Amino acid sequence: MGIILEVKNLTKKFGGLTAVNDFSFEIQRGEYVGLIGPNGAGKTTVFNLISGFEKPSSGKIRFDGIDITGLKPYKIVNLGIARTFQLVRSFKFLSLLDNIVIPCLSKRGKKVSKKVGAEAYASSILASVGLVDRARIPPVILPHGDLRKLQIGKALGTNPQFLLLDEPFSGLSHEEQEVLTELINKLHDDGVTIFITGHVLRELMTLVPRVIAMHQGKFIADGPPQEVANNKIVLEAYLGRGEGFA
Amino acid sequence: MEAEIINFLFNGTVNGAIFSLIALGYSLVYGVGHIMNLAHGAFFMLTGYMLLWFPSFLPEIPWLIATIVVIFVTIIGGLAYIILIKPLQDTSVGVVLITFGLAFFIQEYVFVLSGTTPYSVKEFKIIDGVTKIPSFSFINQFIFLIFASLIIVSVFALFISKSKLGKSIRAVSQDREAASLMGINTNRVLLYTLMISAFLASIAAVLYLPAAALNGPSMGWGYLTNSFAVVILGGMGSLVGSVVGAYIVGYVTSFTSIFIPNGPSWAHLVPIIIIVIMLLIRPQGIFGKKELR
Amino acid sequence: MESLTKRILAIVLIAVIGVGIGVGAWIFLAAPEAAIKYPGAPSGFDKDNTIVIGCAGDTGEIQGDANYEGAYFACKHINEAGGVVINAITYYFGVTKEDTDESNPNLVPSRGVDAARRLIYDKEVDFAVGGFRSEALLAYIEEFMDAEMIFIGTGAATDIFCEKVNETYADYKWFFRFMPINSTALGGQILYTLADFILNINADYPNHDVKEIGILAEDLTWVTSLVGAIKDVLPLLTGGWATMLPEILYDISLSATDMNSHLADLQADGADIVIPVISAQGGILMMQQYALNEYDYLIFGIDVQSQLDTYWDDTGGDCVYETMMQTLYRCNKTSKSVAFWDAFIAQFGHEPLYIACGAYDAVSAIRDAVEDAQSLDPDLIIPVMESWDRSNPHLGVAGNAAWWPNTHDLVAGYPFGYTLWAQWQPGGTKAVVPALIYPDVGAYGNITTGDYVVAPWVHTEWS
Amino acid sequence: MVKEKMKEKINNFPGYLKSWGTTFIGGLTILCLIILTVIPFLSNDLKYVYVFLPQFTLAMIFAIFAASWDLLTGISGQISFGHAIFFGVAGYICAYFIDYQGFPTWVAIVLGSLGAVFFGLLIGIPCLRLKGPYLALGTLAFSLILLKLFLQGSLAHIFFGSEGISGLPSLSDDPIIEYFIIFIFTIISFIVIIQISKSKLGTIFKSIRDDETGADASGINTTKYKVIAFMISAFFAGLAGTFYALYNTAVNPTGNFGTLNSFFAILMASLGGLTTITGAALGAFFFIFLEYILIEIGVIEIGNLIIDVSLWKFAIFALILIIVVRFAERGILRPILEHLKDLWDVLMGR
């Protein structure tokens with residue numbers, strides 16, 4: 001299998017504030033890992049650094065043996081890292097199909113979509129995320145759950161081997177969460193490495209075999225969910241903010 | 001040489017004084033509402049032409065007419081916000097387009113009424129005459145303008161930091177949503193901001209144009225470009241930056257005009273070149289926060 | 001059933017819209033035909049017996065209106081004198097105008113082209129006069145040349161048109177310039193006048209050397225050659241006496257502080273005389289700041305706006321002591337000048353601008369050329385106009401018009417095309433000065449109407 | 001593979017045309033094209049041929065220009081307030097090569113348009129960092145710099161000064177031939193621009209407009225595509241600019257680089273409705289003919305009041321822009337077309 005993502009001593013400072021502080025971890029190919037921490041712990045910043053939307057102040061990120069530190073986002077995407085955003089983003093005046101055609105037109109997406117054509121490939125992805133019947137409508141009128149699916153569909157369009165999912169469950173109803181969980185599990189079964197965040201521990205606990213916990217930008221724990229959940233520092237981090245597991 | 005240096009310093013300071021008045025309001029409106037008001041220069045120009053028109057049907061008491069004109073332009077600024085800008089303030093493109101349209105309309109309206117011929121409005125001078133020293137003569141109105149500008153800027157700074165309205169203006173400029181949650185009527189604050197901005201532009205015109213001339217309906221654009229340069233230099237929304245930027249632009253323009261060969265024809269390009277350089281190197285300006293994306 | 005009524009309704013609607021558009025278009029295209037009128041032409045004369053002069057200018061602005069006024073006034077005089085007889089048929093003159101919108105700072109060149117086409121093909125004029133802004137005229141002049149129609153320039157000073165006549169005579173032979181003399185010649189006029197003036201004024205002030213000459217000019221193309229000529233030649237003409245200060249070419253979008261700093265700059269350099277070369281907005285600001293600061297130099301040059309009689313009020317009297325080129329003022333420039341001047345003021349209530357004088361002379365010249373040629377054919381008229389050379393000038397109100405045959409440019413210099421120098425004097429009156437430069441002009445008598453007044457603060461400084 | 005596809009397309013083309021012709025948009029377009037084809041032959045009247053017809057030519061030139069602006073701003077989301085840069089530069093390059101180098105007109109037109117593309121690259125790259133109103137400001141500043149440089153008398157030996165270059169040949173001395181040359185180029189330009197906006201490239205442009213970060217996250221090199229958008233748009237703006245120069249047979253700084261030209265593009269495209277491309281054409285025709293009508297009406301006399309309507313032209317334009325931006329975000333013409341479409345549907349019994 002081997003290491004697919006290696007993050008070493010990652011630090012990001014915004015002015016006087018250190019959002020990510022000397023953060024290191026590794027992820028194996030085909031793993032399914034959660035990144036947890038209370039609100040403001042720096043999870044999104046870690047994702048932004050990996051996906052290239054922000055440049056680290058110091059530290060190294062290696063993906064599949066290639067140093068990707070400070071590369072532009074589209075280049076990182078074309079190496080096989082796709083991401084979704086915590087706040088739903090979409091091309092709001094394009095149809096759902098075209099929303100997915102865009103990633104299929106990226107360098108990496110083209111490699112797989114070329115044979116059948118970008119549109120056919122995109123509609124197969126739409127089918128796999130369960131939105132094929134709405135291919136022609138623009139995303140503005142979609143319910144929130146479907147927008148989350150669309151996000152994942154857009155990420156899939158780039159044919160990723162590594163998927164960063166930033167709070168995919170926030171704001172979803174229970175049923176919607178289940179549908180999405182199923183979708184993510186299926187992707188994992190297809191061999192995509194998945195790295196997922198959430199600030200509510202319980203959601204992730206049932207999902208992932210391994211979690212990494214962070215607090216105030218610092219690494220605090222790594223291991224199976226149960227182990228991490230009982231970690232004293234993690235508990236303090238959550239309880240200290242009065243959030244708990246609920 | 002001595003005379004040239006005095007010339008450079010004096011005219012640079014006058015430039016700075018006038019630019020700071022115009023740019024302050026412009027920067028305020030941007031800082032508070034993210035409204036890029038392209039009609040700002042037109043307010044300045046319109047004030048000048050109203051000074052020209054109003055004496056024909058008002059009693060010829062200069063201070064009275066000037067006051068009425070300033071009030072008029074302030075109201076126009078407020079109306080522009082209520083009628084045109086407010087419904088569009090969430091789309092930056094819409095605001096830019098509509099204020100551009102407004103500026104163009106005012107310009108053409110003035111053009112239809114007064115044509116392109118220049119006019120003098122010197123009867124509105126507050127202090128006439130010049131103060132002479134052996135190597136140079138200072139125009140009294142400009143000296144007055146420098147001090148008036150400093151006083152107005154200080155009063156304005158006090159107003160922003162101390163008054164209730166000033167505090168809510170600052171609150172809105174820092175975080176509009178939070179301010180509205182705290183019970184501040186952000187739209188009303190924006191309305192006042194726009195009126196203050198129009199008021200400052202109008203005051204600038206009343207102080208400056210009597211010692212200058214009405215150079216045709218398109219003269220507002222030049223002052224708008226200068227305000228851009230000032231604000232981009234000082235940082236959008238930074239009031240200290242606007243004042244410092246105004247004097248920098250003022251001195252640089254004056255320096256170019258006096259000391260550089262062929263300078264006078266380059267002097268008006270300087271602010272635009274400043275705009276381009278600043279946009280490319282440091283769009284947030286010298287004093288600006290890095291909020292620009 | 002319902003869909004059928006809807007369909008019928010739709011057809012009716014479309015028919016109504018279609019008919020509406022059609023009727024609108026018809027009215028639009030057909031109606032103007034009847035509306036064409038030629039002011040100045042006596043009533044009861046049809047188009048065939050009217051020689052129509054088209055005025056291309058900026059209607060609503062002083063230059064365009066002056067052009068029209070001049071042409072209209074000429075037509076009126078010609079018609080009152082019985083028109084012109086060609087092959088035993090009496091023709092009268094009519095005038096019409098089109099707005100080229102060329103004074104607009106937002107110049108739209110296609111507007112001028114459109115106006116020219118309207119004159120040629122819609123109003124069907126026989127001759128055209130006008131033009132003011134060089135770059136606009138450069139675009140629409142082609143229309144007149146393509147239509148092989150005689151066009152007389154009455155407002156643009158640039159040399160370029162006549163250079164074109166010289167270079168490609170076959171394409172541009174229909175162009176003649178009547179007003180003003182070209183910018184190189186303007187430079188020559190300034191040179192000779194100033195050289196005399198400097199030498200003479202030095203005699204009046206034994207305690208002060210009047211020799212430092214500054215130039216304050218707008219940074220536009222037409223200025224370049226003029227400024228260059230003044231700089232090179234003026235020292236030579238004064239026998240090395242006059243020395244030139246570095247010229248100041250300012251951007252036309254000036255603000256008050258700039259003009260003040262330029263004037264202070266000239267003062268600091270020790271200028272004795274400053275030559276402004278200004279056609280646009282700068283003059284009013286210059287005179288205001290000059291009068292306010294009472295700078296120790298004289299203003300003596302070109303300031304187009306100051307030719308207007310409204311200039312005194314526009315500057316609030318600050319233009320006093322400014323001396324500038326003026327095409328015509330009430331004096332005996334030619335035997336026709338004073339009569340024209342008085343009649344024009346009686347007709348229009350204001351003084352004629354130089355363009356009005358040019359248009360008046362242009363239309364009068366057309367009348368004489370048509371009479372000489374006994375035809376309306378440009379091919380026959382052009383030789384007549386070309387025959388008006390230095391040995392055979394055409395007497396106008398603004399000068400003895402004579403053309404260089406190869407360029408169709410006005411012959412410049414006394415007694416042909418030349419400009420007067422006029423000074424604004426206390427009380428808001430203008431005087432043609434100075435007597436030194438214009439000796440008695442033969443039969444016409446002395447054309448100077450006043451003595452040059454040195455600004456009192458300069459007088460004190462220099463004495 | 002590709003060849004077969006092409007063949008298939010060509011074979012299907014007549015059928016495609018037929019089915020397209022029966023749709024509302026298709027039918028209307030064909031109707032417009034037919035009208036535009038017959039219009040030059042409707043009258044022999046000199047005024048008609050030399051004054052009325054050239055208005056169509058002018059409108060088509062501005063239609064290309066406005067459409068190019070719409071491609072950059074409406075489709076790609078890059079707000080340009082300095083589109084006159086490309087318009088002016090192309091005109092000047094074209095004029096320079098004709099007047100100073102003696103190149104044939106067509107070569108000069110190509111060179112002018114390519115020069116505009118180069119400027120698209122030149123302006124596009126530094127402006128990439130800027131977004132929204134800042135981009136508007138940046139492009140405006142660039143156009144002002146060019147305007148002032150070209151206006152300066154002291155630089156006249158480099159930039160030809162305020163009088164510009166004149167005496168260019170027109171496309172044809174016969175207005176009808178000139179009309180048809182521009183007509184053909186307008187059709188080609190519109191087909192190309194519309195096809196671009198519908199193609200995958202256009203979809204990418206739109207994605208950058210809607211959500212640049214999202215496009216980045218989808219692996220799209222937004223920088224590259226933004227520059228491409230600038231260049232394509234500059235090409236068509238440049239094409240219009242060269243035609244405008246030849247229409248006037250002269251170029252000068254204010255007429256070709258003036259901010260007014262950028263304003264026209266914005267005005268025409270917004271009136272027709274942003275992102276529609278065809279709306280730009282409708283807007284251009286509307287404005288050119290509005291001006292024509294105002295000039296035709298000329299001076300109105302009501303009692304003692306004398307109003308010269310043509311003086312109010314720009315004020316009216318500005319007012320229309322204000323009203324459109326304020327009250328009709330989608331443009332005026334598109335809603336009208338939609339109503340017409342309903343009518344059409346009824347007529348077709350749908």
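Being a predicted model, the structure only gives us computed values, none of them experimental. Values below: every heavy atom of this structure, side chains too, minus hydrogens, waters and symmetry copies. Letters A, B, ... are given to chains in the order of the sequence lines, protein chains preceding strands, and every chain is numbered from 1.
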Choice from [options] maximising heavy atom contacts with chain C below 4.5 Å:
options                       : value
D/G258, D/S170, D/S43, D/G167 : D/G167
D/L260, D/L46, D/V51, D/N248  : D/N248
D/Q152, D/K148, D/E291        : D/Q152
D/F264, D/Y247, D/Y244        : D/Y244

- Heavy atoms of D/F257 and D/G88 approach each other most closely as CZ-C, 3.6 Å
- D/A284 and D/F62 have their tightest heavy-atom pair at CB-C, 3.9 Å
Please classify the contact between [X] and chain D as side chain, backbone, both or neither, with a heavy-atom cut-off of under 4.5 Å.
X      : answer
C/I160 : side chain
C/V223 : neither
C/D251 : side chain
C/L249 : side chain
C/T224 : side chain

- Message: Using 30° and 60° as the class boundaries, would you call the ring planes of D/F314 and D/F317 parallel, tilted or perpendicular?
- Response: perpendicular
- Is the shortest side-chain N to carboxylate O distance from C/R118 to D/E296 below 4.0 Å? yes
- Member of D/Y96, D/Y92, D/F160 meeting the ring-ring contact (aromatic ring centres under 6.0 Å, His included) criterion with D/F150: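 One option only clears the test, and that one is D/Y92.
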- Query: Which residue out of C/E143, C/R133, C/E135 racks up the most heavy-atom pairs below 4.5 Å with chain D?
  - Reply: C/E135
- Query: Taking the six-membered ring for Trp, are the ring centroids of C/Y172 and C/F161 within less than 6.0 Å of each other?
  - Reply: no
- Task: Decide if the gap between the ring center of D/Y48 and the ring center of C/Y121 is smaller than 6.0 angstrom.
- Result: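 Centroid separation for D/Y48 and C/Y121: 6.0 Å or greater.
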- Item | D/I165 side chain near D/Y100 side chain, heavy-atom distance below 4.5 Å |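 The answer is yes; the side chains approach within 4.5 Å.
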- Part of D/D173 lying under 4.5 Å from any heavy atom of chain C: side chain
